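Shown next, in structure tokens, is the structure this report addresses.
Proteins get letters first, then strands, A, B, ... in listed order; numbering begins at 1 in each. What you see is a predicted model; the values in this text were computed from it and never measured.
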Number of protein chains: 2
Amino acid sequence: MARRNDHSREQLRDLAIRSVLNIVDRDENAKVTTRSVAQGMGYTVGTLYLVFRNLDDLLLQVSSELLQRLYSDMRFAVKDEADPQATIFVLAMCYLALAEQYPGRWRLLARGSSTVGDNDELDKVVEAIFTLVETSLARLAPTRNSKEIAIAARALWSAIHGICVVSTSSHLHHRAYFDAKALTRTLIYTYLSGFMFGNIEPLTQPS
Amino acid sequence: MARRNDHSREQLRDLAIRSVLNIVDRDENAKVTTRSVAQGMGYTVGTLYLVFRNLDDLLLQVSSELLQRLYSDMRFAVKDEADPQATIFVLAMCYLALAEQYPGRWRLLARGSSTVGDNDELDKVVEAIFTLVETSLARLAPTRNSKEIAIAARALWSAIHGICVVSTSSHLHHRAYFDAKALTRTLIYTYLSGFMFGNIEPLTQPS
DNA sequence: TAACTTATTAAACATTGTTTAATTTGTCAA
DNA sequence: TTGACAAATTAAACAATGTTTAATAAGTTA
């Protein structure tokens, strides 16, 4: 059977990534297995190990790809003339849309990989997304310094991610107004209102 | 070898749960495997299946147990005379302390189980924790109605959880002021300040 | 003491990630 | 053209896992 040069390494990489997406799109709960991925691309397992160090490496690269697309969507959705509050809301909605329309893909992203800090591309795009949020925050609250902005962006984005995590894994979306979108909406506007007008320090110092 | 009645079902359950905690306490990255759990309790795998439906069921019961202890800690930490803002901060610190002191246990909690809504005990204690937060929020902002309070509690708690998730899995705790505690602190005080004084609705309606 | 019940185990099975040795295929020098 | 080398691809093996099953040992009771 052994074909040769039917596909280049790059093409194999693409085939593999597409196969993974195919699997999780068909069934968000499906286990992504080396054999199923290989079968999806018309090869056998061995070929996978020619292109990726292991399964985790492959899934990490898929995550990186997904985040890059998300970043793309975000860039496209942002209108420079829009007010920063609305912009941040739109950014969050891009994220929620991914989780809602492609739950399998989102679970791939949310799954904490055992091999962290191993993928430079991924780190870079995460930073880029944070920068997007930071830019809007800076326009929203010009008096805050860059460290405050950086912290706020990470706190806010982690929070939105947390809402996604909890609302998909649980236990508490039996009421409509507890869904991810409603919670995110509340979170953003409440948080931003505090960020603009409130004092970041506690009114009374906690012990 | 086969002993009989050395331990009751209840005792076996306890042994199993203790064994799991032992494993993740020794190494937060250790895989919890049926065989390792069984070995830790001085039995073989078969016995596990006498007490639990499967591994997931066991891990779910461990999570339930952990959440009940967390709830206990929270109840103990809350001082009725303290101001609500400080109380909410203390509640969050209980959660963060678990994640920091017992990262393995926390990962057990954070891991989204494939079998959800399958454990009534777990659902109950999650609700109880939310109620704790709601109580403080209600005292903080007496003008808000109960639906707003409920939403805020869930948004805020999901956010804290999200900070935990992101800060343990990543990528962005190379700077000290990005650690979970600092982010949580910022989040809570900013959010609460918005919740007390701000308008929940956007200042300008987003599209 | 013998039969019966049941706790416990050992062994089997299927599925997985990963490695290895074999095979097929293309390339290129003689 | 042919034959040897290199590389792509596979099939098969391996170890680790969750789960099931048949055997075995131990307590209980008539």
Once you round it to whole Å, what is the distance between [atom2] of [N] and [atom1] of [X]?
{"X": "A/Leu50", "N": "D/dT10", "atom1": "CG", "atom2": "C1'", "value": "12 Å"}
{"X": "B/Leu59", "N": "D/dT17", "atom1": "CG", "atom2": "P", "value": "14 Å"}
{"X": "A/Asp6", "N": "C/dT24", "atom1": "CG", "atom2": "P", "value": "17 Å"}
{"X": "B/Gln39", "N": "C/dA10", "atom1": "CD", "atom2": "C1'", "value": "15 Å"}
{"X": "B/Leu15", "N": "C/dA7", "atom1": "CG", "atom2": "C1'", "value": "15 Å"}
{"X": "B/Asp56", "N": "D/dG18", "atom1": "CG", "atom2": "C1'", "value": "11 Å"}
{"X": "A/Gln11", "N": "D/dA8", "atom1": "CD", "atom2": "P", "value": "13 Å"}
{"X": "A/Lys31", "N": "C/dG17", "atom1": "NZ", "atom2": "P", "value": "6 Å"}

Look at [X] together with [Y] and state whether they make a salt bridge at an N to O cut-off of under 4.0 Å.
{"X": "B/Arg9", "Y": "B/Asp14", "answer": "no"}
{"X": "A/Arg18", "Y": "A/Asp25", "answer": "no"}
{"X": "B/Arg154", "Y": "B/Glu134", "answer": "yes"}

[N] OP1/OP2 closer than 4.0 Å to side-chain N/O of [X]:
{"X": "B/Thr33", "N": "D/dA16", "answer": "no"}
{"X": "B/Arg53", "N": "D/dT19", "answer": "no"}
{"X": "B/Thr34", "N": "D/dG18", "answer": "yes"}

Contact nearer the 5' end of DNA chain C, comparing A/Gly46 with B/Arg35: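 Nearer the 5' end of the strand: B/Arg35.
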
Of the nucleotides [options], which has the atom closest to the [X] side chain?
{"X": "A/Tyr49", "options": "C/dA10, C/dT19, D/dT9", "result": "C/dT19"}
{"X": "B/Arg9", "options": "C/dT18, D/dG18, C/dA7", "result": "C/dA7"}
{"X": "A/Leu55", "options": "D/dG18, C/dG17, D/dA11", "result": "C/dG17"}

Atom CD of B/Glu100: over 12 foreign heavy atoms under 6.0 Å: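 For B/Glu100, atom CD is not crowded (no more than 12 foreign heavy atoms under 6.0 Å).
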
Sugar-phosphate, base or nothing in reach of B/Val32, heavy atoms under 4.0 Å: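 Here B/Val32 touches the backbone only, sparing every base.
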
Ring geometry between A/Trp106 and A/Tyr95 (parallel below 30°, tilted from 30 to 60°, perpendicular above 60°):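 A/Tyr95 vs A/Trp106 ring planes: perpendicular.
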
